[in-house]
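What you see is a predicted model, and the numbers here were worked out from it, not measured in a lab. By convention in this document, chain letters (A, B, ...) are assigned in the order of the sequence lines, proteins followed by strands, and residues within each chain are numbered from 1.
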There are 2 protein chains.
Amino acid sequence: MTRMGRSKGRMSARPHRRRLPSTAALQVLLAIAERGSTSAAAESIALSQSAVSKQLLGLEELIGSPAFVRTPHGMVATEVGRIYIEHARTALKAMEDAALLAARLKPGPRVLRLQVPPIFGDRWLLPRFMSFSDEHPDIEVQFTTFISPQQSEMPDGIFQFCITPMADSESFYLFGNDVLLVSAPSYFERYGMPRTLDDLSGGVMLEHPQTPFHWQHFAAHHHRAELAMRHTTRFGYYTMVIRAALAGQGMALIPRELITDELASGRFINPGGFTYPSAYGYWFVTPPNARQSGSMNAFKAWLNGQMR
Amino acid sequence: MTRMGRSKGRMSARPHRRRLPSTAALQVLLAIAERGSTSAAAESIALSQSAVSKQLLGLEELIGSPAFVRTPHGMVATEVGRIYIEHARTALKAMEDAALLAARLKPGPRVLRLQVPPIFGDRWLLPRFMSFSDEHPDIEVQFTTFISPQQSEMPDGIFQFCITPMADSESFYLFGNDVLLVSAPSYFERYGMPRTLDDLSGGVMLEHPQTPFHWQHFAAHHHRAELAMRHTTRFGYYTMVIRAALAGQGMALIPRELITDELASGRFINPGGFTYPSAYGYWFVTPPNARQSGSMNAFKAWLNGQMR
DNA sequence: CCTCGCTAGTCGAAATTGTCATAGGGGGCA
DNA sequence: TGCCCCCTATGACAATTTCGACTAGCGAGG
């Protein structure tokens with residue numbers, strides 16, 4: 001906020017405080033980018049949909065141009081939006097890093113910093129996390145979704161999506177190999193209930209390039225590597241693949257454990273029972289040479305308990 | 001701000017919005033770090049002293065420990081404070097970079113991004129800048145104080161403090177070579193009016209390691225390179241050197257043009273007329289291969305006018 | 001003892017942010 | 001075509017945060 005006392009007026013040249021987005025606005029920006037709508041973003045960041053909308057509109061006014069194009073299928077980042085999204089990540093990561101470094105200076109039970117892919121956090125970890133907090137109210141856990149090839153601050157534990165973690169780290173498998181081909185009932189009502197892979201290949205596939213649950217893996221597993229999908233839509237975030245599949249825009253390959261609620265409620269169906277065992281899965285990894293702490297031991301014990 | 005509706009309570013595990021410092025708090029943090037007090041910081045960021053104090057206290061509460069130790073000579077960053085200061089720079093720089101990149105996408109007169117050392121900005125450029133804004137209300141100028149060896153975004157122009165800019169850049173000299181040895185009247189009342197370099201060397205020198213206006217340069221110029229100061233106090237910011245000198249804590253070597261007001265008012269005196277011509281000075285530099293724009297031409301013309 | 005510069009607190013006002021309720025748009029379906 | 005669902009954005013209002021004016025109290029310096 002820029003002010004000159006309380007009077008409105010052109011900014012004096014001398015005292016200078018540049019108008020920059022607020023922290024909350026940056027969080028809103030990232031949440032919308034990753035989840036595709038103000039409603040979905042609201043759910044993940046504990047604000048009402050209208051608060052998210054107002055924050056976004058305020059940010060767009062400050063920026064001087066829209067950050068998203070509003071389409072019937074969701075919010076799509078503009079070029080300016082992409083710039084701000086990227087820099088919002090940098091800014092928010094710096095603040096989280098500062099919090100972690102500062103926490104590590106303090107005595108007492110060690111703060112745990114856990115790196116959590118957004119989809120995993122939203123759909124698996126955070127819904128369960130209350131029970132850890134209840135059991136260990138003295139342990140502070142900080143979550144980050146930010147990943148950089150050259151980590152500025154190594155987290156204490158990483159929920160890593162990979163085939164096998166590096167051999168020198170301590171890790172255990174959570175889930176993810178069991179992958180289903182799903183969509184909304186409405187999709188299959190339009191395209192017909194599939195009985196064979198050829199039936200499937202005539203439809204629409206939804207994919208996230210960096211999350212390797214792709215048709216080609218599925219087809220190869222079923223000895224039909226040469227069979228290609230007629231149409232594939234690709235999204236910038238895996239969260240949006242799932243969201244588009246829920247809207248019936250296509251089929252997606254998704255680990256069973258990420259969509260148990262939707263399977264139970266019928267929002268996702270898996271007609272024909274098509275699945276495949278992915279080489280990829282979610283693992284919990286602690287870095288090499290990480291010193292054991294009481295906090296981490298407690299967390300691992302809890303996590304093991306959750307896997308039963 | 002973290003909330004759960006309006007009810008106070010422990011954060012739900014599911015919707016998650018991490019409490020991070022506000023943008024304004026980060027700006028306050030940096031301003032205090034660079035200027036040494038809430039009062040001085042307030043002047044540079046267009047807030048009242050009490051608003052700055054409250055922002056700092058709020059940030060310290062959120063962090064959970066003090067960012068500064070309050071000493072009679074000013075605010076001194078704690079270890080936690082230094083962590084946050086560093087990361088505040090990163091975060092604020094990211095936001096400024098986003099603003100610059102976004103502005104560059106827009107049609108119309110090009111936005112100018114100028115890199116300005118804090119001391120230069122506070123004491124020379126910003127007090128004069130109103131006249132440029134008045135003459136060119138259509139040109140948007142963004143200032144940044146952030147310097148990194150590997151610039152993420154190259155500014156359009158740099159107020160550079162150096163001996164000579166790189167030969168491949170276009171540049172012109174502003175001021176800085178004319179350096180005075182000054183302090184507050186109270187200092188000289190305590191230490192005596194100096195008549196020789198030996199008189200001076202018995203006192204206290206205030207220096208900023210990275211700003212090479214040092215006693216050794218001064219002494220070498222006067223053919224007394226072997227003469228050392230009895231006591232030197234070093235500060236993390238050149239702004240704080242000047243501030244400490246104004247408080248009479250020692251003598252400082254300062255370009256005349258940065259302290260014209262203080263010389264006129266008598267807050268700084270230069271008894272004995274001790275000066276030396278520094279090899280260093282402030283230059284205005286445009287990077288190699290920078291394309292000429294109307295905005296830059298207008299700015300350079302204005303700057304030339306200011307030098308007369 | 002006085003003065004100066006500082007931080008931090010109180011009070012009241014202003015600004016910002018958030019929620020609730022709702023309008024209106026667009027897509028999908030019967 | 002009408003209905004339903006999900007969406008964004010707006011208005012009204014309340015809650016919260018932030019700010020400025022003013023001041024108390026501290027410590028250094030003269």
Side-chain angles (χ1 to χ4, degrees), chain A residues 1-8 17 19 21-25 27-28 32 35-43 45-62 66-76 184-187 189-190 243-244 246-249 267, chain B residues 1-8 15 17 19 21-25 27-28 32 35-43 45-62 66-76 184-190 243-244 246-249 267:
Chain A
M1 72 250 342
T2 296
R3 288 202 196 82
M4 301 164 51
R6 289 292 190 206
S7 60
K8 301 292 190 184
R17 181 171 35 110
R19 287 188 74 214
S22 68
T23 302
Q27 289 173 311
V28 158
I32 295 174
R35 292 167 178 83
S37 75
T38 58
S39 308
E43 289 174 17
I45 57 176
L47 284 176
S48 67
Q49 179 273 323
S50 68
V52 171
S53 178
K54 286 181 208 282
Q55 283 277 7
L56 176 60
L57 290 170
L59 177 62
E60 288 175 324
E61 184 177 357
L62 185 147
F68 296 99
V69 173
R70 280 75 166 158
T71 79
H73 299 304
M75 301 286 235
V76 178
S186 62
Y187 172 85
E189 284 160 21
R190 262 199 321 281
R243 174 188 161 77
L246 283 167
Q249 290 173 27
R267 291 183 66 201
Chain B
M1 71 249 348
T2 296
R3 288 203 199 80
M4 301 162 53
R6 288 291 187 210
S7 60
K8 300 294 188 183
R17 181 173 32 112
R19 288 187 74 214
S22 67
T23 301
Q27 289 172 311
V28 158
I32 296 174
R35 293 165 178 86
S37 76
T38 59
S39 308
E43 288 175 17
I45 57 174
L47 283 177
S48 69
Q49 179 273 324
S50 66
V52 170
S53 178
K54 287 187 223 280
Q55 282 277 7
L56 175 61
L57 291 170
L59 177 62
E60 287 176 324
E61 184 178 359
L62 185 148
F68 296 99
V69 173
R70 280 72 165 160
T71 79
H73 299 305
M75 302 284 233
V76 177
S186 62
Y187 172 86
F188 294 112
E189 284 158 20
R190 263 197 322 281
R243 172 187 161 77
L246 285 167
Q249 292 173 28
R267 291 182 65 202

Provide, to the nearest angstrom, the distance between the [atom1] atom belonging to [X] and the [atom2] atom belonging to [N].
X        : N       : atom1 : atom2 : result
Arg19(B) : dT17(D) : CZ    : P     : 9 Å
Glu61(A) : dT16(C) : CD    : P     : 10 Å
Gln27(B) : dT18(D) : CD    : C1'   : 14 Å
Leu62(A) : dT16(C) : CG    : P     : 11 Å
Ile32(B) : dT7(C)  : CD1   : P     : 8 Å
Leu57(B) : dT10(C) : CG    : C1'   : 14 Å
Leu56(A) : dT16(C) : CG    : C1'   : 17 Å
Phe68(A) : dT8(D)  : CZ    : P     : 10 Å

### Task
For Ile32(B) and Leu56(B), run side-chain contact (heavy atoms from CB on, under 4.5 Å): C-alpha distance rounded to whole Å, both residues' side-chain angles, the deciding distance at 0.1 Å, then the answer.
CA-CA 9 Å; Ile32(B) 296 174; Leu56(B) 175 61; 3.7 Å; yes
### Task
Report the residues that fulfil side chain to side chain donor-acceptor pair (under 3.5 Å) with Arg190(A), sequence neighbours left out, ordered by chain and then residue number.
none
Report all interatomic pairs (protein N or O, nucleotide N or O of nucleotides 2-6 of chain C) with separations under 3.5 Å.
from   : atom 1 : to        : atom 2 : distance (Å)
dC6(C) : OP1    : Arg243(B) : NH1    : 3.3

### Message
Keeping Gln49(B) on the side-chain end and Thr38(B) on the backbone end, is there a donor-acceptor pair under 3.5 Å?
### Response
no
### Message
OP1 or OP2 of dG28(C) versus the side-chain N and O atoms of Arg190(A): is any pair under 4.0 Å?
### Response
no
### Query
Taking OP1 and OP2 of dC19(D), is either one under 4.0 Å from a side-chain nitrogen or oxygen of Gln55(B)?
yes
### Non-neighbouring partners of Tyr187(A) that pass ring pair (Phe, Tyr, Trp, His ring centres under 6.0 Å), sequence neighbours left out
Tyr191(A)
Are any protein N/O atoms closer than 3.5 Å to N/O atoms in nucleotides 21-28 of chain D? If there are, list each pair with its distance.
from    : atom 1 : to       : atom 2 : distance (Å)
dA21(D) : N6     : Ser50(B) : OG     : 3.4

If the condition is side chain to side chain contact (heavy atoms under 4.5 Å, CB included), which residues does [X] pass it with, not counting sequence neighbours?
X         : answer
Ser37(B)  : Ser39(B), Ala40(B), Arg243(B)
Ala184(B) : Ser186(B)
Val76(A)  : Thr71(A)
Ala51(A)  : Leu47(A), Ser48(A)

### Message
For Pro21(A) versus Leu59(A), what's the shortest heavy-atom pair and its separation?
### Response
CB-CD1, 3.6 Å
### Which nucleotide in dG18(C), dA9(D), dG29(D) has an atom nearest any side-chain atom of Ala51(A)
dG18(C)
